[in-house]
S.K.: 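So that we are looking at the same thing, I have put the structure below in structure tokens.
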Number of protein chains: 2
Amino acid sequence: MKVLIVEDDPLHRSYLHEAVSAALPECDTVIEAENGIAGERLARDHRSAHIVMDLQMANRNGIEAARAIWKERPETRILFWSNYSDEAYVRGVSRIVPDGAAYGYVLKSASDERLKLALRSIFVESQCVIDREVRGLQQKSLSHARSFTDSEYEVLVDIALGLTDRAIARRRNLSLRSVQNRLQHLYDKLEVYQTTAADPDDSRFNLRARAVTVAFLRKLLNYSALERAEAELQDWLREH
Amino acid sequence: MKVLIVEDDPLHRSYLHEAVSAALPECDTVIEAENGIAGERLARDHRSAHIVMDLQMANRNGIEAARAIWKERPETRILFWSNYSDEAYVRGVSRIVPDGAAYGYVLKSASDERLKLALRSIFVESQCVIDREVRGLQQKSLSHARSFTDSEYEVLVDIALGLTDRAIARRRNLSLRSVQNRLQHLYDKLEVYQTTAADPDDSRFNLRARAVTVAFLRKLLNYSALERAEAELQDWLREH
DNA sequence: GTGCGTCCTGCATGAAACCGCAACTCGTTG
DNA sequence: CAACGAGTTGCGGTTTCATGCAGGACGCAC
């Protein structure tokens with residue numbers, strides 16, 4: 001068995017290397033990449049079917065890389081190993097997992113034991129292993145109450161990118177009013193209001209901007225999600 | 001000599017521990033904290049005058065912790081050890097360094113050698129050591145051209161928080177028009193325009209929101225800066 | 001089918017935001 | 001002192017946002 005490690009922090013990389021060797025005696029080769037681009041290339045060259053991937057990397061993040069890799073070979077098994085359980089990451093990963101693929105999501109704060117178990121479960125047993133904390137988010141994200149529908153998340157991203165209502169309408173093939181409707185729902189769910197409860201007369205918040213801030217603070221959005229969305233936006237702009 | 005290490009990642013923490021022991025034979029005690037709060041407490045209890053501090057920590061980030069520590073004992077020497085050289089961090093650190101304090105800013109990507117040199121320079125020689133990459137940012141941030149004045153940065157933060165022009169005016173004791181003026185300057189410097197160069201007729205961007213996005217993408221803002229700004233805002237809101 | 005809920009859409013209005021024009025205040029420089 | 005530049009402020013006009021009201025389309029359950 002060959003395992004590819006994609007991780008930009010050298011300390012974490014060597015820790016992973018050791019963990020992989022210890023957990024998987026059947027693994028004879030460990031390859032390392034220090035960013036998403038190199039990871040994609042190595043995955044292609046070596047046809048590696050077993051990958052441990054960091055999410056947050058400077059050059060090209062783990063979600064991008066995983067998407068590209070799964071596009072070529074959907075049966076690839078990927079264990080995401082991340083510092084954070086931001087909803088933005090969880091959403092990002094869920095969005096790209098191919099049907100029936102075996103994958104995992106383990107936090108870096110997990111114990112050695114947990115990491116090794118996850119490695120064996122995914123790479124040997126083809127089981128999905130999702131950290132319980134992440135799992136919680138996923139389910140909250142599915143359950144109807146208090147969560148965001150895809151369309152609400154979509155407008156959230158669009159206003160975060162700085163698009164006008166009109167531009168969003170064109171991009172998503174909607175009427176202006178529908179876009180504004182979705183924004184209403186978004187504001188409701190994020191619980192942003194123009195005025196404070198204390199003094200309903202002075203409006204303090206620009207809802208559109210405030211919604212983005214709140215989403216950031218709640219980790220519905222993060223830098224890497226923004227980066228991805230911006231890249232997609234630029235593509236769309238080119239096509240007009 | 002006693003050294004306090006404040007760092008949330010266990011791997012990095014033990015790496016630092018070793019580096020400190022190797023670089024500073026005169027150091028007899030190394031204390032560790034895994035977040036900003038514990039760090040502050042230990043700094044107070046042990047009166048530690050030598051601290052190595054991570055910036056990005058979940059519970060309370062390094063800038064907050066450093067500010068609190070320096071407030072009590074401005075002669076404390078702090079070496080910031082960070083993954084990133086975001087302008088938001090650099091600005092945040094510069095803002096809180098007491099006059100004449102010895103401090104340092106070293107990136108985690110620096111070599112062992114560089115880290116050890118920095119440790120000795122700051123803790124033994126009381127020299128300031130700033131990573132050259134960070135230094136570049138600092139100077140760009142001071143040089144007039146292409147950079148942001150404090151007042152422009154201030155409005156940037158305010159719109160990022162989602163305040164209305166009127167609210168910003170009240171908060172900063174300005175007229176509405178002045179706030180809008182600063183916003184104009186901000187938009188100019190961030191090079192955000194409503195329309196694309198290609199087709200000046202269709203306006204696509206909400207300048208206010210777009211400015212925030214661009215600032216994020218350029219790392220003028222980041223999560224921790226937002227978090228800090230939000231806390232200050234909440235304080236101000238309470239006082240009205 | 002009828003009724004209900006959810007989503008899309010048009011029209012309309014008051015409040016913000018964007019921005020050009022112009023006057024006024026300072027501190028710096030010649 | 002006069003000239004200049006940078007930053008503030010007021011006025012006014014146009015555009016975009018936020019949001020209530022209401023009519024229509026679609027799917028699901030009874």
Side-chain angles (χ1 to χ4, degrees), chain A residues 143-156 158-196 199-214, chain B residues 142-196 199-214:
Chain A
S143 81
H144 240 6
R146 273 287 150 249
S147 74
F148 295 78
T149 65
D150 285 345
S151 66
E152 281 150 6
Y153 190 73
E154 216 172 52
V155 271
L156 170 60
D158 285 341
I159 60 172
L161 287 172
L163 293 174
T164 59
D165 292 1
R166 195 185 310 281
I168 300 174
R170 270 206 301 272
R171 186 176 185 199
R172 305 298 183 186
N173 286 316
L174 287 172
S175 72
L176 226 178
R177 191 62 184 86
S178 294
V179 173
Q180 294 170 330
N181 244 332
R182 292 187 176 184
L183 283 174
Q184 293 301 313
H185 291 152
L186 183 67
Y187 299 154
D188 278 353
K189 290 203 182 166
L190 285 173
E191 297 176 271
V192 296
Y193 314 101
Q194 316 201 51
T195 66
T196 43
D199 184 352
D201 273 348
D202 68 337
S203 74
R204 291 174 148 159
F205 289 121
N206 175 314
L207 292 184
R208 168 176 293 252
R210 185 65 182 165
V212 175
T213 311
V214 170
Chain B
L142 286 177
S143 80
H144 242 6
R146 273 283 150 249
S147 74
F148 295 77
T149 65
D150 285 345
S151 66
E152 280 151 7
Y153 190 73
E154 215 173 53
V155 271
L156 170 60
V157 171
D158 285 341
I159 60 172
L161 286 172
L163 293 174
T164 59
D165 292 0
R166 197 184 306 281
I168 300 175
R170 271 206 301 273
R171 186 175 184 197
R172 306 298 182 187
N173 285 315
L174 287 171
S175 72
L176 226 180
R177 190 61 182 86
S178 295
V179 173
Q180 293 173 331
N181 245 333
R182 293 185 176 186
L183 283 174
Q184 294 301 313
H185 291 154
L186 183 68
Y187 298 155
D188 278 354
K189 290 203 182 166
L190 286 173
E191 299 176 88
V192 296
Y193 314 101
Q194 317 201 72
T195 66
T196 43
D199 184 353
D201 273 347
D202 66 338
S203 74
R204 293 174 148 158
F205 289 120
N206 175 315
L207 292 183
R208 168 176 294 250
R210 185 64 183 167
V212 175
T213 312
V214 170

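In what follows, chains are A, B, ... by sequence order, proteins preceding strands, each numbered from 1. Only this structure's heavy atoms are used, side chains among them; waters, hydrogens and symmetry mates stay out.
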S.K.: Please state how far atom CG in Asp150(B) lies from atom C1' in dG7(D), giving the value in whole angstrom units.
M.R.: 14 Å
S.K.: In this structure, how many angstroms lie between the P atom of dC17(D) and the CG atom of Leu186(A), rounded?
M.R.: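 My rounded result for the distance is 15 Å.
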S.K.: Would you say the side-chain atoms of Thr164(B) pair up with the backbone N or O of Asn206(A), donor to acceptor, closer than 3.5 Å?
M.R.: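 A pair under 3.5 Å: no.
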S.K.: Using side-chain contact (heavy atoms from CB on, under 4.5 Å) as the criterion, point out the one residue from Arg171(A), Arg170(A), Arg172(A) that pairs with Leu163(A).
M.R.: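 So the option named by the test is Arg171(A).
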S.K.: Is any side-chain heavy atom of Asp158(B) closer than 4.5 Å to a side-chain heavy atom of Val179(B)?
M.R.: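 No, their side chains stay 4.5 Å or more apart.
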S.K.: What integer distance in Å separates Arg208(B):CZ from dC19(C):C1'?
M.R.: 14 Å
S.K.: In whole Å, what is the span from the CZ atom of Arg182(A) to the C1' atom of dC7(C)?
M.R.: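 From Arg182(A) CZ to dC7(C) C1': 8 Å.
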S.K.: Report yes if the side chains of Asn181(A) and Leu174(A) come closer than 4.5 Å at any heavy-atom pair, otherwise no.
M.R.: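 The answer is no; the side chains never approach within 4.5 Å.
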S.K.: Within the structure provided, determine whether Ile168(B) and Arg182(B) are in side-chain contact (heavy-atom separation under 4.5 Å).
M.R.: no
S.K.: Taking only N and O in the side chain of Ser175(A), is any of them less than 4.0 Å away from OP1 or OP2 of dT9(C)?
M.R.: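 Ser175(A) to dT9(C) OP1/OP2: side-chain N or O found under 4.0 Å.
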S.K.: Check every strand shown and say whether Asn181(B) touches a base, only sugar-phosphate, or nothing at a heavy-atom separation below 4.0 Å.
M.R.: base
S.K.: Quick one: is Thr164(B) getting a side-chain N or O under 4.0 Å of the dA16(C) phosphate, OP1 or OP2?
M.R.: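 Thr164(B) to dA16(C) OP1/OP2: no side-chain N or O under 4.0 Å.
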S.K.: For dG20(C), does the base pair up with any side-chain atom of Arg177(B) as donor and acceptor (N or O, under 3.5 Å, distance only)?
M.R.: yes
S.K.: What integer distance in Å separates Asn206(B):CG from dC18(C):P?
M.R.: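 My rounded result for the distance is 6 Å.
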S.K.: From CD of Gln184(A) over to P of dG20(D), roughly how many Å is that when rounded to an integer?
M.R.: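 Distance check: Gln184(A) CD to dG20(D) P gives 6 Å.
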S.K.: What is the distance, to the nearest angstrom, from the CD atom on Gln180(B) to the C1' atom on dC21(C)?
M.R.: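 Atom CD in Gln180(B) sits about 14 Å away from atom C1' in dC21(C).
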S.K.: Return whichever of Leu176(B) or Leu163(A) has its heavy-atom-nearest nucleotide of DNA chain D closer to the 5' end.
M.R.: Leu176(B)
S.K.: Rounded to whole Å, please give me the gap between CG in Leu207(A) and P in dA16(C).
M.R.: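 Computing the Leu207(A):CG to dA16(C):P distance gives 11 Å.
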S.K.: What's Leu174(A) touching, base or sugar-phosphate or nothing? Going by heavy atoms closer than 4.0 Å.
M.R.: sugar-phosphate
